[in-house]
Every structure is written in C-alpha cells, then in structure tokens.
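Working notes, structure below.
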Protein chains: 2
Amino acid sequence: MNNTRFATAIHILTLLAKAGDEWVSSDWIAGSININPAMVRKEMSVLQNAGLVVGRKGKEGGSKLNLSQSEISLADVYIAVKNSEVLGKKNLHTSAKCPVGKVINKKLDGIFSETDDLVIRSLRKKTLSSFVKQF
Amino acid sequence: MNNTRFATAIHILTLLAKAGDEWVSSDWIAGSININPAMVRKEMSVLQNAGLVVGRKGKEGGSKLNLSQSEISLADVYIAVKNSEVLGKKNLHTSAKCPVGKVINKKLDGIFSETDDLVIRSLRKKTLSSFVKQF
DNA sequence: TTTAATTGTAATATATTTTGTTACAATTAA
DNA sequence: TTAATTGTAACAAAATATATTACAATTAAA
C-alpha cells in the first residue's frame, strides 16, 4: 500500500457520512481532498462495487452511503482498496535448484497471509461511525 | 510495501543462517533469489546498518549474520526495510477550508500508527530461527 | 422539450517508485 | 602480485500511481 487509496476512500466516506441523505458531487469531494474529480469518481466506482456507496447521474447527481455509518467497518474499506499484501510482494523466479529458493514462497505465504488477517481483524473492529464522530 | 524488499531480506537472512559461519557472496545469494547481485548488495547494506549482518570485502569476502538466528526477529527485518505505513500514504494538501480536510490527517494518524504497531508486535514474536527451521 | 449539470469511463499523459544494470575504487586472501 | 569480492554511485528501464482531458449517457429542473 504505497499509495493514497485508503486515505482517499476514508476521506470520501467521511464526507458522505456527514452529508447524510444529500447527494454529494465528485467536484465538492475533490475540493476537500485537493485531487482531481475524475480520481474521486474512479475511487467512488470501487466503493460502489464494494456496496458501500451508491451513485446517481445527471443534474443534482452525486453519491451517498449505501449503508449506515455503523454498518461500514474500516476493514470493508481496506479490502475494497488494497492491491498488495501488507508485507509486500514475493520474488517470483526464485531458483528451483536451491533448497531455499525452491520453497521459500510457500513458507512466506504463511507469514504474509497471517499478517494480512491480523490487520483486517483489527480494522473490522473500527467503524466509519466512530471515525466520523471525531470530527 | 508494494515491493519485494521484505521477501528479499528474509531470503538473504535465511541463506546466511543456513551458511553458519561461512562468508556468503552476493553472487551466490543473487542466484538463489534470481535477481542482480548489486541488488543483493544494496539490501545487504541496509541489513548491515540495522546491525543484523556483517560484510567483508576482498577475495573470499561476503556476508554473514551478526547475531544468532534466535536474536533476530522478523520485526527487526520489517523495520529495516519498510518505507511506507501499512495503510499507505496520506493526501497532503487537503483543504484547510473544509472542516474534514483540515484535520483528517491527524485523525488518520491514529489508525495508521496503531496498525503499524500491530504488525510490528506480531512480527516481534517470530524469529529468523523458527522461520529457518522450516527448511 | 430543452437546458444545464453530473456521473461513469476510457484514453492518454505525467510523476513517482521499484527494479535492473554497469562500472569501478577499495579491499582482502591467497 | 593477482584474483575475487564488496560497497556505492550513476544511470536505465519497468512498473505503479496520480493527473488530465474528453465525452456519451443520464437526470432534474427550467
């Protein structure tokens, strides 16, 4: 996760949470984060596919939450945006001739997935609701 | 961590652990990982700065562990190589005019560092020794 | 019905990060 | 003295992330 996707997603969801039942435009959100509106819409599209938000086209269009704040956990957000494991990537092409190189990825798998699970279980306990209360 | 540095560092340390008191060349290690020897030396340099390995130049030179296998935790390795937080980067330049944009990074800080700590505490319990035993 | 505003998405461009490569002075053992 | 090796710098290439532009499709409201 050497990118801003989690931070961006949380920022978006926080604004939607605070907007309640209003439709919020990507332009408004982009102004708060200070990124391009098209970037907001791209990430919004991911959050829609995850079932967290809904969008509406056309004049007076925009986005809003699809679930209540307390039904959205930060794990849902993380899972929606994550594109690598916490401990990073493995070296593909390790040597089949070396006893270590031959099997190391299988051994790393355990640690890698255990670490990912740990993070997800921790984020599962945190809700958008409690995050937004801080503001 | 959208890179291979942790996997590479663990691979290196595993080979050194299995080599015992011998000096292992970057060329040999590179062959097992199937990457460029200069890459191995770069990462080795990081592990040296972390106090985990020692190097020797010249003919019959190479690297070996500076501590016993059981004294090296995977957290030591992770800390040595990590260059981003688990949950990624924050958006710098968020709007000072928006009540959310104004303070969100401070609020995210809590979650971000808590998550990093969680991972480190978990890796702290795992030693190079127990990892290497699997081979 | 027309207009204005907005999404969703694709295509392209730019920037940043990661990985790979080459080169070589300094060092060390034999 | 020779041969092998590190440590590091400089540069190149590839992969990933972010930004920008454009526009068809849609929708509310005039």
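None of these values were measured; they are calculated from a predicted model. Labels below follow one simple rule: chain letters A, B, ... track the order of the sequence lines, proteins then strands, and each chain is numbered from 1.
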Mind checking what makes side-chain contact (heavy atoms from CB on, under 4.5 Å) contact with [X], not counting sequence neighbours?
X	result
Ile120(A)	Ala75(A), Tyr78(A), Ile79(A), Arg124(A)
Pro99(A)	none
Lys89(A)	Asn2(B), Thr4(B)
Gln69(B)	Ala17(B), Leu65(B), Ser129(B), Val132(B)

Report the distance from atom [atom1] of [X] to atom [atom2] of [N], rounded to the nearest whole Å.
X	N	atom1	atom2	value
Leu92(B)	dA15(C)	CG	P	17 Å
His93(A)	dG20(C)	NE2	C1'	14 Å
Glu43(A)	dT7(C)	CD	P	15 Å
Asn49(A)	dG8(C)	CG	P	10 Å

Going by the ring-ring contact (aromatic ring centres under 6.0 Å, His included) test, which pairs reach into residues 116-135 of chain A, not counting sequence neighbours?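 Sorted result for residues 116-135 of chain A: Phe131(A)-Phe135(A).
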For Ser63(B), which residues count as a side-chain hydrogen bond (donor to acceptor under 3.5 Å, both in side chains) partner, sequence neighbours excluded? none
Among residues two or more places apart or on two chains, list those pairs meeting salt bridge (Lys or Arg N to Asp or Glu O under 4.0 Å) that have a residue in residues 51-71 of chain B.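 Every pair satisfying salt bridge (Lys or Arg N to Asp or Glu O under 4.0 Å) with a residue in residues 51-71 of chain B: Asp21(B)-Lys64(B).
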Enumerate the salt bridge (Lys or Arg N to Asp or Glu O under 4.0 Å) contacts for residues 104-118 of chain A, please, sequence neighbours excluded, ordered by first and then second residue. Lys82(A)-Asp116(A), Lys90(A)-Asp109(A), Glu114(A)-Lys126(B)
Using a cut-off of less than 4.0 Å, is there contact between a side-chain N or O of Ser26(B) and OP1 or OP2 of dT5(D)? no
Below the 4.0 Å mark, does dT5(D) have OP1 or OP2 next to a side-chain nitrogen or oxygen of Ser25(B)?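 No, Ser25(B) has no side-chain N/O under 4.0 Å of OP1/OP2 on dT5(D).
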Would you indicate whether Gln134(B), at its atom CD, is surrounded by more than 12 heavy atoms from other residues, nucleotides or ligands within a distance under 6.0 Å?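 Yes, because the 6.0 Å sphere around CD of Gln134(B) holds more than 12 heavy atoms from other groups.
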Protein-to-nucleotide contact annotation, 5' to 3' order, nucleotides 23-30 of chain D [B base; S sugar-phosphate only; - none; under 4.0 Å, heavy atom]: ---BBB--
Would you indicate what Gln48(A) reaches in the nucleic acid, counting non-hydrogen atoms under 4.0 angstrom: base, sugar-phosphate, or nothing?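 The residue Gln48(A) makes sugar-phosphate contact but no base contact.
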Which pairs with one or both residues in residues 24-34 of chain A pass side chain to side chain donor-acceptor pair (under 3.5 Å), sequence neighbours excluded?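 Passing the test, one end in residues 24-34 of chain A: His11(A)-Ser32(A), Ser26(A)-Arg41(A).
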Say whether, by atom type as modelled, one donor and one acceptor occur between the side chain of Ser122(A) and the main chain of Leu118(A) under 3.5 angstrom. no
Consecutive-pair stems (3 or more, Watson-Crick or G-U, under 3.5 Å) for DNA chain C: C:1-30 with D:1-30
Might you list the N or O atoms of the protein lying below 3.5 Å from N or O atoms in nucleotides 13-20 of chain D, with each pair's distance?
unit_1	atom_1	unit_2	atom_2	d
dT16(D)	O3'	Asn2(B)	ND2	3.4
dA17(D)	OP1	Asn3(A)	ND2	3.4
dA17(D)	OP1	Asn2(B)	ND2	3.1
dA17(D)	OP2	Asn83(A)	ND2	3.1
dT18(D)	OP1	Thr4(A)	N	3.0
dT18(D)	OP1	Thr4(A)	OG1	3.0
dA19(D)	N6	Lys42(A)	NZ	3.2
dT20(D)	OP2	Asn36(A)	ND2	3.4

